[in-house]
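Notes follow once the structure below has been shown.
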Amino acid sequence: MPTSPHIVLADNSVRAVMFKVLAALVPGVVVHAWMFGPAIWVSLLLTTLFCLVIEALVLAMRDLPLKPFLSDGSVLVTAWLLALSLPTLLPWWLYALGSLFAVLVAKHLYGGLGQNVFNPAMVGYAVLIVSFPAHMNLWPAPVGVAGHTPNLMEALDLVFAGQGAVSPDAYTAATPMDQLRAQVRTGLSAEAVAAASFGLHAKEALVLSYALGGLLLLAHRVITWHVPVAFLGALVATATLLHLIDPGRHADPLFHLLTGSTVLGAFFILTDPVSASTTPLGKLIYAGLAGVITVLIRSFGAYPDGVAFAVLLMNAAVPFIDAYTQPRVFGHSRGRRT
Amino acid sequence: MLSAILVMSGIALVLGGVLGWAAIRFRVEEDPLVDKIDAILPQTQCGQCGYPGCRPYAEAIAKGEADINRCPPGGEEGIRQLAELLGVEPKPLGEGLVHKPKSVAVIDERLCIGCTLCIQACPVDAIVGAAKQMHTVVPELCTGCELCVAPCPVDCIRMEVIKEDISNWKWRYPVVSLTALA
Amino acid sequence: MRFAPTPDEPRLTPFPGGIRLPAHKEVSTQRPIAALPLLPLYVVPLRQHIGEPARPIVQAGDRVLRGQMIGRPEGYVSVGVHAPTSGRVLAVEPRPVPHPSGLADLCVVIEADGEDRAVEPTPLDWHVMDASSLRNRLREMGLAGLGGAVFPSFIKLNPGARRSIPILILNGAECEPWITCDDLLMRQRASEILLGAQIMRHMLGAQQVLVGIEDNKPQAIASMMEAAIGSDIRVVAVPSIYPAGGGKQLTYLLTGRETPAHGLTTDVGVQVFNVGTAYALYRAVVHGEPLTSRIVTVTGHVAAPGNFEVRLGTPIADLLAAAGGELTGATGRVIGGPMMGFELKDTAAPVTKAVNCVLVKDAVHFPPPPPALPCIRCGACARACPMRLSPHELYWYARHRDFGKTQALNLFDCIECGCCSYVCPSHIPLVDYYRFAKSEIWAREREKKAADEARARHEFRLQRLEREKQEKAERLAKKAAERLESGAVSAQDPDAERKRAILAAAIEKARKAKEGVQPRNVDDLPEAVRKEIASIDARRTGGNGADPTP
């Protein structure tokens, strides 16, 4: 019982915050299912189940009460972000493994809710892409682009029984980013590829739906403008610079905005309060550098998408950023540290 | 092979020389360790540690002769600070030593015979009085060391625990309802 | 009814952070200020202000009059304490007082005689009196800030080395929800408040007087504006954003001047007084009445909430009864507002100069907070903090008792307004951690100071002993040399035997004295022993009686 204040803000809790995040993700999930087929429901359900079970087991092992921590919604946010970052139609055990690294390693080994240095979903993603690059490169193509889009039963079959009746070649395709990579190597202009990329239209709708969710979060003051603005701004600026230097090698900024998990990252991943910087200036630095790193990894790195690694790198820098960006306390002169 | 060894040795010698020179040239004059230890000790001068005062105990710790857990008035917090200063693990208070709440000595002035034995025993001159005159303890100066209790031939000195009142009351560490706050 | 700022009004500078709170002011503003009937018993604490408590100058059995000083200011930061009515002093003893600790403190208990006779009032001619004696009179008359901090007013009214303080701000913001005592006072006694402000302005040499009132009090604003017609005092409506009533916040809001950390508003040429203090000052100066009453809001879960003119020393139980008593389902009482007030442990505790509101809680408006969860670093606290601190970082270090880090993060700039705790989605009692850390740091500083003094005294003593030893050795050597010369040889100190005998006799005496403390039979004792006992008794009563010179 606090000695004061004697009142608290109504309808304000960790659970409320987390469920607002989940609600803001719903448009994205629905558009994903519409554009890429129902397979997303399978991966979403699987990561949710795995994350919840792992969370419950770890809480029990740590002698922590199950109810407040299972119901706070934080583990659901982790599960959903993981599902939305991973390709659909992966074998079930990859979802399990990703969930294990996200919840057990990234979250609880660092002390549980509020203590994790790294974004749990991104740790799960990073472990999988490093360990299983072959699986992680099989991205199902959008409806209409792929030769065949698996229905729900086929999706379940693929996820649980491995190769089902449909061959991966039928439903997957190289992502626009992979295409760009391949084409640049063989000497075609990136602009031409980007313009012709078949997946981009589906991506546009998805990106818009994530952005809509992000605006909902902004409107409900779950997140502040600093992270999305700094991340997208730095990303566009870096991409523009590279594109101006060598348009033949580097895609234009719009391409960077629309592909990968740029917008999901800007509104939902980088904004994870626990692993992000907390000061206004710190948020700008944190998200801005993440934007730069994302483009650099995409342009020069070995991995197709750089958001996850950019997030993890900047997560590691957060304590340092926070320490040096503490706001000027009222009544203190600027610049002087006491 | 030989040239490699020579080069490496040469580098080692040069760097070693630079480091050695820098160590002397840029040496920072610090408080001697004894002063730092003494600053942590509560200065009750009670001798419960087995040394005739806080300073001698600090010296013994600095020399490595005494353990850091011999000071009951300093309590757990004192041990923690010493451990931090010396870079060792904190440990519980030594055997046979107990941390007591802070007290002051009170002389029952009806019984005092003015023998001055307590005045001689007080390490901080907190007792006033003269031979054959009644003595009294200045409570603000008393460190609660209890050294005056034993010498009194008429047992007129007792230790009184300092009571909590509004002027010395402290806010408590918050009790949080969720028992295991990670 | 809202007041658009007129062109000559100062532009407001919003302070950082702050929160909007449900006000609940209407609960206690339905009735005008009511006086409490005379009660049979008053308990007047001697510590009603910041600083040294007043020293009691009455004892049990004394008769006192209303307004008679019963506690004299002790030390510089202190003010007088006065009897709230005429009657007899029953006791001067520790009694429960309104304090977060729930501990007892020294009080003068007065049994009213029902006549309510007052001492001769001593109005002060403030226009001609010299500033220092005027301040001294206010000190004796017990003037202290009635906004809740109860800092002695005479100190704040001293411009000191600055000679004058250009801006005087009257604080009528009353930003805490539920409390309405300043609201009602401004509605009903606006001209008196402004007269008090004129005296304050005179004492400070201020050129400008501003009155800051939150815009959720339109009637108070109207009444103060009306009273200010014909003067250059400006009444300014400020947005109802908690904690607009904080001294530094209101100063910034009205003048844009930022009070330096660890400083006072006077450092930027502003002095802030609560409107209630201005009214009390008016009563003291113009009517010559010492501070013996104040307005108190009784609100929340009581039958007849409202504001009362209450004599200082009124037991809170009696005050609650005057407000119709608590309704069933009351879950506790808060002294002060819901944001910064503290839980009252005992309703026998009296109203003091610091008590502006008694808020009775119920489960609907004051539900127990949900269990605390770990901090998720969402930063809501930092956005709400009016001092632009990082509450989540402070919490982290305070929780781990890393007090050095809390100080590096400017813990002592925290005003304990409670905004951070209010908005925390994890429901962490943040303010409790800061209070804990602050009081630990203060205690440690006290201990450190005591230890340093003890060390110095110990070292001095060691030096002295060493010197004495040397002197004695020299003396002995000299004596031995003399003896050698005179040829007398004595192995033993001739005094030693005699000293032992004296000591033994004294011990015997003390032993008897100890026995003498218990009931005893002295009939059969020899004359010498009886005499001894008599002399001991004389000494004992000497040491036992009332302390004439503390």
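None of the values given here were measured: they were computed from a predicted structure.
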*Please name the pair of heavy atoms, one in His6(A) and one in Gly341(C), separated by the smallest distance, quoted to 0.1 Å.*
NE2-O, 2.9 Å
*Heavy atoms only: give me the nearest Glu258(C)-Val329(A) pair and the separation to one decimal.*
OE2-O, 4.3 Å
*Which heavy-atom pair separates Ser4(A) from Asp432(C) by the least distance, and what is that distance?*
O-OD1, 3.7 Å
*asked:* Side chains of Val431(C) and Thr3(A), heavy atoms from C-beta outward: is any pair under 4.5 Å?
replied: no
_Sub-4.5 Å side-chain heavy-atom contact between Ser421(C) and Pro5(A)_ = yes
*Distance from Arg383(C) atom CZ to Arg221(A) atom CZ, nearest 0.5 Å?*
8.5 Å
_Using heavy-atom distances under 4.5 Å, tell me whether Thr271(A) contacts chain C through its side chain, its backbone, both, or neither._
neither
*Would you find more than 12 non-hydrogen atoms of other residues, nucleotides or ligands less than 6.0 Å from Lys345(C) atom NZ?*
yes
*Distance only, no hydrogens: is a donor on one side chain within 3.5 Å (strictly under) of an acceptor on the other, for Arg377(C) and Ser275(A)?*
no
*How close do Arg388(C) and Arg328(A) get, heavy atom to heavy atom, and via which atoms?*
NH1-O, 2.5 Å
*asked:* Is Asp322(A) close to chain C through its backbone or its side chain, or both, or neither, when contacts mean heavy atoms under 4.5 Å?
replied: side chain
*Would you say Phe330(A) and Cys385(C) make side-chain contact, with heavy atoms under 4.5 Å?*
no
*Could you tell me which residues in residues 8-24 of chain A have at least one non-hydrogen atom under 4.5 Å from a non-hydrogen atom of chain C, sorted by residue number?*
Val8(A), Leu9(A), Asn12(A), Ser13(A), Val14(A), Val17(A), Met18(A)
